[in-house]
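When a ligand or atom number is given, it counts from 1 through the structure's own listing order. Hydrogens, waters and symmetry mates play no part in the numbers below; they use all other heavy atoms, side chains included.
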Amino acid sequence: MHRGEATHCPYCALQCGMYVSGGLAETSDGSLTITPREDVPANAGALCQKGWTAAELLTGGDRLTTPLARESRSGPLVPVSWDDALDRVAAAIGGIQAEHGRDAVAVFGGGGLTNEKAYQLGKFARVALRTSQIDYNGRFCMSSAAAATGRAFGMDRGLPFPITDIAAADVVMMVGGNVAETMPPFLRHLRNTLIVVDPRETRTARKAALHLRPAPGTDLALALGLLHIAITEGHADQDYVDSRTTGFEAVRASVATWWPERAERITGVPVARMREAVHLLGSARTAMILTGRGAEQHAKGVDTVTAFINLALALGLPGRPGSGYGCVTGQGNGQGGREHGQKADQLPGYRKIDDPAARAHVAGVWGIDPAELPGPGRSAYELLEALGTPGGPRALLVFGSNPVVSAPHAGHITGRLAALDLLVVSDFVLSETAAMADVVLPTTQWAEEHGTMTNLEGRVLLRRQAVAPPSGVRSDLAILSGLAARLGRDKGFSDDPGTVFDELRRASAGGVADYSGITYERIAAETGVFWPAPSEDHPGTPRPFLDRFATPDGRARFTPVDHGPVAEEVDEAYPYYLTTGRILAHYQSGAQTRRVPALNEAAPETFVELHPDLAERLRVTSGDMLRVSSRRGATEAAARVGTAIRHDTVFMPFHWEGVNRLTNPALDPVSRMPEFKVCAVRVERCDAGPPSDRRAGVPERGLGV
Ligand SMILES: Nc1nc2c(c(=O)[nH]1)N[C@H]1C(S)=C(S)[C@@H](COP(=O)(O)OP(=O)(O)OC[C@H]3O[C@@H](n4cnc5c(=O)[nH]c(N)nc54)[C@H](O)[C@@H]3O)O[C@H]1N2
Ligand SMILES: Nc1nc2c(c(=O)[nH]1)N[C@H]1C(S)=C(S)[C@@H](COP(=O)(O)OP(=O)(O)OC[C@H]3O[C@@H](n4cnc5c(=O)[nH]c(N)nc54)[C@H](O)[C@@H]3O)O[C@H]1N2
Ligand code: SF4
Ligand SMILES: [Mo]
């Protein structure tokens, strides 16, 4: 029986394998069926609700099928022809660059784009627009873990081992990851003794043997306390430390004063619980420490991840079979999306844009003079914040992100987008960001096109076309090709994914993320190839750190780090912590999943999770409407009362517009990751009337600009 085309899910980094049938067969009546693949180890026959319902994205009534443009910023979006749309964009770019310089045009990409698109977008910015101003939403996602692992191991590959290795670990500690909701099939790899670190009692925490509940933003202190215990109670693996690492003595000295009691005072995690965690990890035969966004999306995210890596190194875990440290990548192509050059400081192959050898190599592949390549640009939030300001970009092209909903301090960012001379959005639905655009370009989506995705294991997969796109839409590659031609750079922008992938292979050759030995044929035959794969007869690299780390001396680096307070502490005016994250039924800004009826039914609206003590104080029960405000803005949502949350903290998902009007754009000094996971808020009943303590300058609901 033909089960349809073998492809992969449109959503998260697990990239579950699925068959889509009914799309390309001649006898098709238009109805599509999705069934899970057994041959893809990440999901091995399972899908979550989002995967099962993904076909509805392809046929949904909200699908954009014609370019849209408006005559004036306040006029309505009306259908226009492709030539008209692309001519307008190219003419506006030309005018803006002539008047304000090349950096007046900026590009914002996404970690959901295929490798081919991410690569081509980075090249388009540097070669066709010749702008330094490109960054992408992965900055909001993986950047802290990427910076920390790069520093420690010389390479950022989320899981430096196949996901199936996790099941072989006796003990797994998951720090700030809620995979039961964010990657349900991941649970089949968590058969071990599980330790969860999360301020909330999540579905994942309920599966744990041990749940540590630190106050939001205190994981770094927790990790320092855990390392102190590991060292003083004899769990450090001195042979491993001596033979495979450098820098331990400085770290040992730096945690000497991190008595567990001190860590308890900051985190609220009892010393006995910390000891239990260290003893479980330290006496296991094999153990893993994994981090998710809960530990990473902080203004000290890089140091927090570093502290957990230090703990893993002291215990002798990384680079040992069945053990290790890994970060659980988020977006569908979160891993590949951060390797091929859509990041402000990066060129393909995970090369640095300020490295002369990297510039020479990539310029050679692109057929330009290295001197023509721009230097590093602004990071995602700094780029968005600069839009329409004096000296900042005046035009923005968005491919694969919805920052109106997902950027921190979103009210302010929406104001910056409104101040642009030109906003262009390529999307297949009218997202909140697309709805603000001057020109909207309707594009093909996952199952309508070929492309490669690199999943959370660093395994390069082929997402095959399984249905014909509706007439009227064009692929992102075709859009970039059409624009490049109109900008007078018509060479080297193919709209064929296979051609682009072959060029990407050459551009990545010799880089950290070397794809030169990976071909579509190989991926199909081997169910994915792990990078680096520097030649076609190279087997790929499932476990890159077994013999040596990717640092110049082959050793992993300990780096001393210290705890600091959250960027915005609670006070009388804003007495609670707000933390944010995900629920099972929705994906990211919700642009896709809020348009899938079954998912909308499962989770129709946003909510505020709060503890019964706080609910009692506010005299609310579940379902009552609450107003949540921070120094930056306010939003409303229904109360959801339960003991899963700490009584000093409230939680909101970010799949609906609103919560990011509240969040704090304090940035990590290294990764430039915003502090999505903690800010100070006030919580009131909506019908409570003006609070007596309202401070001057606190915006009313809905205004965060
Ligand atoms: N259903 C669904 N799945 C998804 C996505 C989605 O939008 N929806 N998005 C995908 C993407 S891009 C990503 S990045 C991943 C994210 O996957 P996860 O990292 O699992 O997701 P989050 O819900 O953002 O955060 C995880 C947990 O961090 C906790 N947390 C909050 N603050 C802190 C803190 O200070 N310390 C600690 N230790 N924990 C804290 C939250 O309570 C939450 O349970 O999910 C991917 N999968
Ligand atoms: N408060 C809070 N905010 C957060 C987070 C949090 O935990 N808390 N998490 C952050 C994280 S980890 C992430 S990853 C971001 C994600 O936030 P966003 O960047 O907004 O992510 P999506 O909602 O996936 O937006 C993708 C958009 O691109 C479109 N799209 C999808 N695929 C393609 C494609 O191939 N081509 C084109 N042209 N368009 C496409 C979709 O329809 C959608 O409109 O949010 C961040 N924001
Ligand atoms: S876990 Fe992720 S990849 Fe798998 S079906 Fe769900 S959304 Fe898709
Ligand atoms: Mo993410």
**OP:** May I ask whether V678 places a heavy atom under 4.0 Å from ligand 1?
**Re:**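 V678: no contact with ligand 1 (<4.0 Å).
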**OP:** Work out whether the distance between some heavy atom of P214 and some atom of ligand 1 is less than 4.0 Å.
**Re:** no
Check if [X] has a non-hydrogen atom at a distance under 4.0 Å from any atom of ligand 2.
{"X": "G110", "answer": "no"}
{"X": "K117", "answer": "yes"}
{"X": "V429", "answer": "yes"}

Subject >> Residues N402 and T433: side-chain donor-acceptor under 3.5 angstrom >> reply: yes
**OP:** Less than 2.8 Å from atom 4 (Fe) of ligand 3 is the window; count the protein N, O or S atoms in it.
**Re:**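 For atom 4 (Fe) of ligand 3, protein nitrogen, oxygen or sulfur atoms under 2.8 Å: 1.
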Under 3.5 Å between any N/O of [X] and any N/O of ligand 1: does that happen in this structure?
{"X": "L584", "result": "yes"}
{"X": "A295", "result": "no"}
{"X": "P216", "result": "no"}
{"X": "E181", "result": "yes"}
{"X": "Q331", "result": "no"}
{"X": "I583", "result": "yes"}
{"X": "R293", "result": "yes"}
{"X": "P199", "result": "no"}

Nearest-neighbour protein heavy atom for [atom], which is reported as residue plus atom name and distance:
{"atom": "atom 33 (C) of ligand 1", "result": "G294 O, 3.3 Å"}
{"atom": "atom 8 (N) of ligand 2", "result": "T580 OG1, 2.9 Å"}
{"atom": "atom 37 (C) of ligand 1", "result": "D219 OD2, 3.4 Å"}
{"atom": "atom 21 (O) of ligand 1", "result": "T182 CG2, 3.4 Å"}
{"atom": "atom 43 (C) of ligand 1", "result": "D198 OD2, 3.3 Å"}
{"atom": "atom 46 (C) of ligand 1", "result": "G330 O, 3.6 Å"}
{"atom": "atom 38 (N) of ligand 2", "result": "S426 O, 2.8 Å"}

Report yes if [X] has an N/O atom closer than 3.5 Å to an N/O atom of ligand 2; otherwise report no.
{"X": "N402", "value": "yes"}
{"X": "Y587", "value": "no"}
{"X": "K677", "value": "yes"}
{"X": "N137", "value": "yes"}

Subject >> Ring-face cation of R293 near F676 (centre distance under 6.0 Å, axis angle within 45°) >> reply: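 Verdict for F676: no cation-pi partner in R293.
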**OP:** Kindly give the heavy-atom pair with the smallest separation between I34 and G51, and that separation in Å.
**Re:** CD1-O, 3.6 Å
Original post:
With backbone taken as N, CA, C and O and side chain as the heavy atoms from C-beta onward, which portion of M142 lies under 4.0 Å from ligand 1: side chain, backbone, both, or neither?
Top reply: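 Neither part.
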**OP:** May I ask you to identify, for T579, whether its side chain, its backbone, both or neither come under 4.0 Å of ligand 1 on a heavy-atom basis?
**Re:**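 The answer is the side chain.
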Candidate with minimal heavy-atom separation from [atom], of [options]:
{"atom": "atom 15 (C) of ligand 2", "options": "G109, S406, A118", "answer": "S406"}
{"atom": "atom 27 (C) of ligand 2", "options": "S401, G581, A591, P408", "answer": "S401"}
{"atom": "atom 12 (S) of ligand 2", "options": "H586, Q588, R582", "answer": "R582"}
{"atom": "atom 45 (O) of ligand 2", "options": "F676, F654, F108", "answer": "F654"}

Subject >> Atom CZ of R640 with >12 non-hydrogen neighbours under 6.0 angstrom >> reply: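 No, because the 6.0 Å sphere around CZ of R640 holds 12 heavy atoms or fewer from other groups.
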**OP:** Give the atoms of ligand 1, by number and element, whose distance to some non-hydrogen atom of K50 is under 4.0 Å.
**Re:**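 Listed by number with element: 1 (N), 2 (C), 3 (N).
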